[in-house]
Amino acid sequence: MPFPHLTALPAALLAASLVTLAPGGAHSATTAKAVKPAATRDAPALPGYQADLSQTTVSGLSSGGFMAAQFAVAYSATVAGAGIIAGGPYFCSGQPGRFPYIPYLTNALTTCMNPGSAQVAPPVASELLRAANDFVRARLIDDTANLKRQRVYLFSGTKDQTVTRPVVEQVGKFYQLAGTPAAQIRFVDTVGAGHAIITDNNQDKACDVTASPFINDCDFVQARDILQHLYPDLQPSSTTLTGKLIAFNQRSFIQNAYSSMNNTGYAYIPKACDSESCRVHVVFHGCLQTTQAIGDRFYTSTGYNQVADANKIIVLYPQAEPSPVYPYNPKGCWDFWGYTSLNPIDPDFYRKSGTQMEAVKGMLDRLGSARNSHR
C-alpha cells in the first residue's frame, strides 16, 4: 500500500527549511570549518569478522537518533537495543497526515523537532505504532513483537531547543505501547545539555551550548552511559586503545545514486575481535557531524571506542555526506523524512528496503560473515 508524502516544494522554501534540520537550527555550515576527511574514496572493502549479530545495537544523535530509532524498529529482528540522543520515534515525520497527503518534510521540521515553538502537537506514539504494525502486515519491516526484547536509552538535554523533550519522550511511549518492559527503558532528562552528544572532555564545547561540532563536555561519557544500559555486563573502559580504526569502502553497500552517503565508512575493531566473535554497535552521527564538517572528531573522540575496546564490541560508523543538489541534504543529515526516495508518491526511507537502511544492514551482514571475507 502507498504511503505518500509531500510531493513538491518550491526550491527556495526547501533550501530554507532544510537548513533548520541541522543541530542548532540557524547554524550554517560555516560554523564548522571543513576538515579534509581522514580517508579517500579508494578505501579497502569491509572485511568479515564473524560478529555475533544477535547482539547488535544502535545509537545516534539528532538525525542520527531518528535513524537509530528507525533502524531499530525496521530491523527489530536483528537489533537488540537502541540509544537515542535528541531523536524521535519511528516514522515520526509520517504523522500527522492521512492518505493521499502526508507532509513529511513539514512534520520533520515541526512535529519532530520543537513542536512547542512551531505551535503544533508533538508526535503521537500510538499513531506511529499503528503505522508500524501496518508496515509489518505489508512485510515492509520486521515484526514489532521483537521490540519487547530491546533495551532503550533516551536522552534529552534541558537546554536543547532543537529536538525537545516532548519529541524524545514519545520514543519511550512507543516502546511501552509495543510491550517493552519499563525496566528496559532508561530516560535521562536532567542534564543541562544543549543539542549534542556528551563527553567528559574539557576540550569539547560547554555543556549547555548548541554549536559545532555538537560534542559537549557535561562531565560524563554518554557513549559509556548508552552502552552500559544496552549491555549491562560491561567491563571498565580502556584507557589505551589496543584495537584499530579502519576506513572501508561504503559505496559498495549503496544501491541508489541518491543516497547522500559518503564513499567511505569507518569502524573500530578491538584487538580481541581479530580472533573472537564480537558484538556490533552502530553509531549514526548527527547533521553537520560528517567528515566534511568536523573531520574525524565524531568517530575518534566521542568515547565509544574506549568502551568497545575493553568489551569485544565492534563499533560501526556509517557516514552520510552533504548533498547540495539532489537529493537536497546540505547538512549531511540521515534521512528520516524521505529525501532519498526516488518515488515521492511512495517513499521508502522508513522501510527495510530504504537506501540508507539497506546499506547499513549490508555492512552488518558483512561484519557477521566469515572472517576476512569480503562479500
Side-chain angles (χ1 to χ4, degrees), residues 48-61 64-65 68-69 71-73 75-85 87 142 145-155 171-172 175-176 178-189 191 197-200 218-245 267-284 299-317 360-361 363-365 367-369 371:
Y49 282 93
Q50 290 179 246
D52 178 7
L53 298 186
S54 70
Q55 298 188 69
T56 298
T57 57
V58 297
S59 67
L61 164 68
F71 193 89
V73 173
Y75 283 104
S76 62
T78 298
V79 177
I84 298 161
I85 308 165
D142 290 341
N146 297 317
L147 300 178
K148 296 176 183 178
R149 67 181 177 83
Q150 289 187 1
R151 298 181 66 83
V152 183
Y153 173 100
L154 306 173
F155 182 87
V171 184
Y175 272 92
Q176 289 171 354
T180 308
Q184 292 169 206
I185 304 171
R186 182 172 182 228
F187 192 176
V188 179
D189 63 347
V191 180
I197 188 170
I198 305 309
T199 70
D200 186 17
C218 296
D219 299 325
F220 75 99
V221 180
Q222 190 164 52
R224 173 82 198 187
D225 211 33
I226 292 170
L227 292 173
Q228 185 72 70
H229 180 69
L230 302 186
Y231 301 118
D233 62 345
L234 287 192
Q235 299 300 309
S237 303
S238 295
T239 55
T240 302
L241 294 178
T242 61
K244 58 191 175 187
L245 182 69
Y268 182 76
I269 314 294
K271 186 175 182 180
C273 303
D274 286 333
S275 57
E276 301 179 52
S277 180
C278 292
R279 302 174 282 199
V280 181
H281 182 71
V282 184
V283 187
F284 297 101
Y299 58 86
T300 63
S301 66
T302 48
Y304 285 99
N305 299 342
Q306 286 76 9
V307 184
D309 192 74
N311 289 282
K312 301 177 184 178
I313 301 171
I314 294 171
V315 187
L316 176 66
Y317 297 97
V360 174
K361 181 56 163 60
M363 297 174 207
L364 282 172
D365 290 342
L367 289 171
S369 66
R371 196 169 300 282

**OP:** Provide the closest heavy-atom pair for A308 versus I313 in the form atom of the first, atom of the second, distance.
**Re:** CB-O, 3.0 Å
**OP:** Calculate, to the nearest 0.5 Å, the distance between atoms CG and OG1 belonging to D219 and T199 respectively.
**Re:** 8.5 Å
**OP:** Could you please spell out the steps behind the side chain to side chain contact (heavy atoms under 4.5 Å, CB included) verdict for Y49 and D274?
**Re:** CA-CA 7 Å; Y49 282 93; D274 286 333; 3.6 Å; yes
Subject >> side chain to side chain contact (heavy atoms under 4.5 Å, CB included) assessment of V191 paired with F155 >> reply: CA-CA 9 Å; V191 180; F155 182 87; 3.9 Å; yes
Original post:
Any idea which heavy atoms bring A51 and V280 closest together, and the distance?
Top reply: CB-CG2, 3.6 Å
Subject >> Pairs where residues 225-235 contributes a residue and the test salt bridge (charged side-chain N to carboxylate O under 4.0 Å, His left out) is met, not counting sequence neighbours >> reply: R186-D225, D233-R279
Subject >> Value rounded to 0.5 Å, distance of NZ in K271 from NZ in K244 >> reply: 10.5 Å
Original post:
How long is the span from the CD1 atom in I226 to the NE2 atom in H281, to the nearest 0.5 Å?
Top reply: 6.0 Å
Subject >> T180: side-chain hydrogen bond (donor to acceptor under 3.5 Å, both in side chains) partners, not counting sequence neighbours >> reply: none
Subject >> Least distance between heavy atoms, A68 atom then G83 atom >> reply: CB-O, 4.2 Å
Subject >> Full working for side chain to side chain contact (heavy atoms under 4.5 Å, CB included) between V58 and Y75 >> reply: CA-CA 11 Å; V58 297; Y75 283 104; over 6 Å; no
Subject >> For D365, salt bridge (Lys or Arg N to Asp or Glu O under 4.0 Å) partners two or more places apart >> reply: K361
**OP:** Could I get the full list of side-chain contact (heavy atoms from CB on, under 4.5 Å) partners for A223, not counting sequence neighbours?
**Re:** V221, Y304
**OP:** To the nearest 0.5 Å, tell me how far T300 OG1 sits from Q306 CD.
**Re:** 9.0 Å
Original post:
About how many Å separate CD1 of I197 and CG of L61, when rounded to the nearest 0.5 Å?
Top reply: 6.5 Å
Subject >> Heavy-atom pair of closest approach, residues S54 and A80 >> reply: O-CB, 4.0 Å
**OP:** For S76 and D142, test the side chains for any donor-to-acceptor distance below 3.5 angstrom and give the result as yes or no.
**Re:** no
**OP:** Apply side chain to side chain contact (heavy atoms under 4.5 Å, CB included) to the pair T57 and R151, showing each step before the final yes or no.
**Re:** CA-CA 9 Å; T57 57; R151 298 181 66 83; over 6 Å; no
**OP:** Check for a donor-acceptor pair, side chain of Q150 on one end and backbone N or O of V79 on the other, with a separation under 3.5 Å.
**Re:** yes
Original post:
Within a strict 4.5 Å, meaning less than it, do heavy atoms of the I85 and F284 side chains meet?
Top reply: no
Subject >> Pairing residues for T242 by the side-chain hydrogen bond (donor to acceptor under 3.5 Å, both in side chains) criterion, not counting sequence neighbours >> reply: D309
Original post:
How would you list, by chain and number, every residue that makes a side-chain contact (heavy atoms from CB on, under 4.5 Å) with C273, sequence neighbours excluded?
Top reply: I269, P270, C278, I314
Subject >> Smallest separation among heavy atoms of H229 and A183, with atom names >> reply: CE1-O, 4.2 Å
Subject >> Smallest separation among heavy atoms of A72 and L147, with atom names >> reply: O-CD2, 4.1 Å
Original post:
Are Y231 and V307 side-chain neighbours, meaning at least one heavy-atom pair lies under 4.5 Å?
Top reply: no
Original post:
What distance do T56 atom OG1 and F71 atom CZ have between them, rounded to the nearest 0.5 Å?
Top reply: 8.0 Å
